[in-house]
Novice: 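This structure is in structure tokens; I'll ask about it shortly.
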Amino acid sequence: MTTALILSLVLQSLAYAAPVLLASLGGLFSERVGVVNIGLEGLLLVGALAAVVAATVTGSALLGVLIALLVGGALAALFALFGVVLRRDQVIVGTTLNFLALGLTGMLYRAWSASGSGGGKPLPPLTPIVGDGSTSLNALTLLALLLVPAAHWLLFRTRLGVILRATGEVPEAAAAGGTAVSRLRVLVCLLTGGLCGLGGASLSLGISSAFTEGMTNGRGFIALAVVVFGRWNPFGALAASLLFAAADVAQARLQTVAGVQNWLASLHLGDTYPFFLALPYVLTLVALAIRGSKVRPPAALGQPFEQG
Amino acid sequence: MAEQGGTIPLIAARGITRRFGAFTALERVDFAVRPGEIHALLGENGAGKSTLMNLLSGLLRPSEGEILLNGDPVRFRSPADAERQGIGMVHQHFLLVPPLSVSENLLLGTAPGMGGLLSYPIRRVLDEARSLADRLGWRIPWNAPVGSLPVGTQQRIEILKALRGVTRVLIFDEPTAVLTPTETPELFDTLRRLAGEGRGIVFISHKLDEVLALSETITVLRRGRVVARTRAAETDARSLAEAMVGPDREASSLIQDGAVSASRAGQATVPAGGAALFVENLAVAGQARPLLNGLSFAVSPGEIFGIAGVDGNGQGELADCLAGLIRPSSGTLRIGNDQPAASPGAFRRAGVAVIPADRQTRGLALPLSLTENLALGVYDSPVYRRGPLLLWPALRRRTEDLIRQYDIRATGAGALARSLSGGNQQKVVIARALAENPRVVVAVNPTRGLDVGAIAYVHAALRGAQASGAAIVLISTELEEVLSLATHRVAVLYEGAFSGIVSPDSPRDEIGLLMGGKTREVPGAAAR
């Protein structure tokens with residue numbers, strides 16, 4: 001393989017990792033403060049649509065990204081209202097959020113397309129920061145990568161980080177230290193929504209340059225697995241996201257390799273396309289099964305807190 | 001308030017009343033701590049000690065009366081507010097974060113004055129804590145996760161958290177409850193040293209010896225009122241116990257007259273009449289060796305059959321068999337003439353009531369109300385059920401009756417089991433077990449973790465049930481308890497079998513030998 005090919009594979013993997021990484025960083029912060037947000041998938045999807053619509057309408061990819069951030073945060077506020085403030089079961093609220101997002105984005109996108117608003121104008125692309133064409137790095141990917149050390153610093157090298165981690169373990173201890181536990185959890189929910197909004201934008205603007213219904217394809221759930229696989233550590237999440245993304249890129253390339261095609265055809269399995277698509281998910285599942293059994297989640301994960 | 005010395009109290013409560021709904025937890029209580037004083041607050045579970053401390057430490061606000069800080073009225077908005085004004089609290093249940101290091105735990109508790117949220121003033125926090133620890137002669141592994149440290153060290157970290165420059169008063173909520181015997185004197189040294197530096201120490205306890213050994217002043221609370229205030233030098237354990245428990249204890253609604261004396265009559269003979277509980281060759285298989293091996297005994301109505309032994313010799317398995325929770329590998333179990341299937345429901349219908357060893361996990365559903373907890377086991381009865389619907393008014397009335405009858409201190413039938421003190425939780429468990437006049441009562445370590453008054457209460461309740469004709473199996477690792485309650489016979493469990501069945505009047509050393517596995521057969525005292 002040539003250096004150019006390797007470089008393009010690496011850069012493509014980084015770009016594919018960005019949506020999962022951003023969502024998993026959001027999930028990681030949520031879980032660190034004791035909130036389990038199953039709704040990452042829905043938040044990603046809403047971000048993806050918001051970015052495409054806003055970027056098309058305004059003609060600015062940057063504005064698209066910013067709107068996606070805000071819309072993700074707004075939807076997450078709904079989650080925070082039910083899951084944290086009203087102390088409903090977070091798994092159920094998150095699941096509801098996913099269905100809501102799936103239905104809502106599909107309906108809105110069809111309505112928007114039908115009204116012709118998207119018809120005329122082109123979707124402005126995310127301009128590469130480094131390189132061009134297939135060997136490039138866009139701003140959202142770079143941001144996702146930079147957020148990893150930033151999140152690590154925040155969690156492990158600041159007072160706020162100590163408070164965040166304590167809130168997810170023993171919220172009573174954090175409250176005794178003067179933390180308004182519910183308010184902190186709500187704020188972190190909004191942060192999670194914002195990060196997922198960015199993740200959605202990195203998917204629709206950065207990778208696909210379009211929105212399609214259900215285009216997240218379970219990446220939000222993969223992000224949840226990535227949080228566990230990464231042991232609630234940002235660098236761990238980065239590693240796990242890259243593993244998933246590399247598998248995703250690899251399967252896309254493998255589909256085009258004649259030798260692999262012929263070998264699979266010789267097995268007489270019928271349509272081989274789904275096997276390729278399943279590869280990154282199966283890999284994530286296996287990785288999680290191997291590693292996930294030994295890790296310990298934050299002690300107060302998913303438990304509502306009532307300030308005494 | 002001014003009768004003790006001339007110094008102004010660091011903190012004082014004046015005429016404090018605190019109500020929770022219709023329930024008055026504290027009534028017109030006065031309390032004061034002066035510089036250098038160790039002031040013990042003594043009382044049973046539920047006497048109001050914790051409420052008073054929560055008022056002084058800013059967690060609760062008084063319904064009436066006022067709190068004085070250095071002589072001036074003050075109103076704490078929160079524990080953090082009280083802390084800023086010099087009141088530190090060391091809770092019985094530590095508020096530490098186990099996976100975080102010692103230094104991070106200390107950082108968590110620091111005031112925002114130590115720098116913004118994005119700062120990491122760990123060095124300054126550590127410097128302060130280190131100098132304090134040095135002064136107290138402590139060696140603390142600052143970077144180890146708190147959860148990996150012994151309980152005594154964790155408590156020191158709690159003390160370090162509560163102690164900062166401004167702290168003048170330190171409140172300790174039953175600090176010795178979690179400590180080992182060697183850690184307790186070390187804590188007392190610490191408390192004396194802290195008092196010697198001019199701080200006021202409030203020491204909450206229900207252990208009389210500790211209170212007498214450590215404190216200078218003693219305040220006794222009972223049912224939310226101050227019933228005694230004295231200097232430690234001028235009192236003794238007996239009068240403190242009397243103040244704590246109260247003269248009316250023996251008149252408790254549950255104790256039938258004569259039950260206590262009757263229970264000690266006719267030792268060592270098995271009561272006549274058919275057995276209420278009949279066990280023959282009971283065995284439970286284990287992985288390496290049998291957990292229970294060939295147990296045979298029968299318990300008659302009106303008998304308390306004591307089962308002593310060191311923990312882990314089959315007590316849990318025996319209790320589970322008698323409750324129908326596990327099916328014995330072999331052997332016969334009869335309740336009267338019934339041979340119930342191995343299910344808790346079948347055993348309950350046969351007339352077995354259980355007071356389980358762990359009231360918080362097996363005895364109660366903590367997040368549920370008293371009515372719900374007390375409905376367990378009777379919801380099948382046509383009195384409380386119409387078709388598939390429960391008759392809540394009837395259940396609530398029953399709960400209210402039981403609350404009265406068993407003297408359960410709670411805000412009402414709707415109170416959550418979680419909100420009760422340990423002794424009152426146990427009263428709920430006992431009320432549920434005894435309310436339906438069971439034929440057989442299985443009680444496992446029924447007084448574990450309770451204070452003197454609650455222990456006396458539980459013992460009286462068991463004697464009451466015995467006097468009214470229940471056959472009681474008392475499985476307890478407290479030898480004193482077994483010996484004082486067992487009416488005729490005490491069996492000693494050792495490695496799943498009885499190493500002997502003896503009279504409760506047997507010499508202690510003999511029973512001690514049995515507990516150590518020295519088998520001895522007592523003629524005539526064996527089963528049946």
Side-chain angles (χ1 to χ4, degrees), chain A residues 28-29 31-34 87-89 147 149-185 187-188 191 228 231-233 236 294-308, chain B residues 50-51 54 57-61 77-84 87-125 143 145-147 154 157-158 161-162 164 173 367 416 418-419:
Chain A
L28 189 149
F29 274 106
E31 299 200 3
R32 278 288 188 176
V33 294
R87 293 193 290 274
R88 302 295 120 154
D89 188 308
L147 279 176
H152 192 270
W153 171 80
L154 186 69
L155 274 177
F156 299 104
R157 283 289 171 269
T158 67
R159 242 171 74 95
L160 180 60
V162 173
I163 292 172
L164 290 171
R165 285 181 287 143
T167 302
E169 294 284 349
V170 187
E172 296 79 12
T179 303
V181 169
S182 288
R183 196 172 65 193
L184 182 68
R185 284 181 170 173
L187 289 174
V188 170
L191 171 77
V228 179
R231 303 197 175 183
W232 291 269
N233 181 305
K294 294 193 202 86
V295 298
R296 196 192 59 84
L301 191 58
Q303 288 171 15
F305 180 77
E306 205 160 345
Q307 198 97 26
Chain B
S50 304
T51 307
N54 289 339
S57 66
L59 201 63
L60 295 172
R61 269 140 295 283
R77 287 190 308 276
S78 67
D81 186 27
E83 226 173 87
R84 275 193 292 279
I87 313 297
M89 173 108 192
V90 176
H91 293 272
Q92 184 183 0
H93 302 288
F94 303 150
L95 286 172
L96 294 170
V97 187
L100 264 54
S101 70
V102 173
S103 43
E104 284 176 326
N105 268 282
L106 292 172
L107 183 61
L108 181 66
T110 51
M114 267 293 194
L117 283 175
L118 296 183
S119 69
Y120 197 58
I122 200 127
R123 191 152 295 162
R124 279 170 61 197
V125 168
N143 292 317
V146 161
Q154 295 192 16
I157 296 156
E158 277 287 16
K161 270 172 64 183
R164 48 200 77 219
D173 187 6
L416 301 188
R418 197 209 315 275
S419 69

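Throughout, protein chains are lettered first and strands after them, A, B, ... in sequence-line order, and every chain is numbered starting at 1.
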Novice: Of all of G177(A), G178(A), G161(A), A173(A), which one pairs up most often with chain B through heavy atoms under 4.5 Å apart?
Specialist: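 Most heavy-atom pairs within the cutoff with chain B belong to A173(A).
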Novice: With a sphere of 6.0 Å drawn around CZ of R183(A), does it hold more than 12 non-hydrogen atoms of other residues, nucleotides or ligands?
Specialist: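 Counting neighbours around CZ of R183(A), 12 or fewer heavy atoms of other residues, nucleotides or ligands fall under 6.0 Å, so no.
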Novice: Restricting to non-hydrogen atoms, name the atom on V162(A) and the atom on E104(B) that form the minimum distance, rounded to 0.1 Å.
Specialist: CG1-O, 3.4 Å
Novice: Might you point out which heavy atoms bring Y120(B) and F156(A) nearest each other, and give the distance in Å?
Specialist: OH-O, 3.6 Å
Novice: Taking all heavy atoms of T158(A) and all of L117(B), pick out the closest pair and write down the distance.
Specialist: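 Minimum heavy-atom separation between T158(A) and L117(B): CB-O, 3.6 Å.
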Novice: Quick one: pull up CG in L100(B) and CD in E169(A) and give me the separation to the nearest 0.5 Å.
Specialist: 7.0 Å
Novice: For chain A, which of A80(B), P98(B), S78(B), P99(B) has the most heavy-atom pairs under 4.5 Å?
Specialist: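 The option with the most such pairs is P99(B).
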Novice: Side chain, backbone, both or neither: which part of L118(B) has a heavy atom under 4.5 Å from chain A?
Specialist: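 Both parts, heavy atoms under 4.5 Å.
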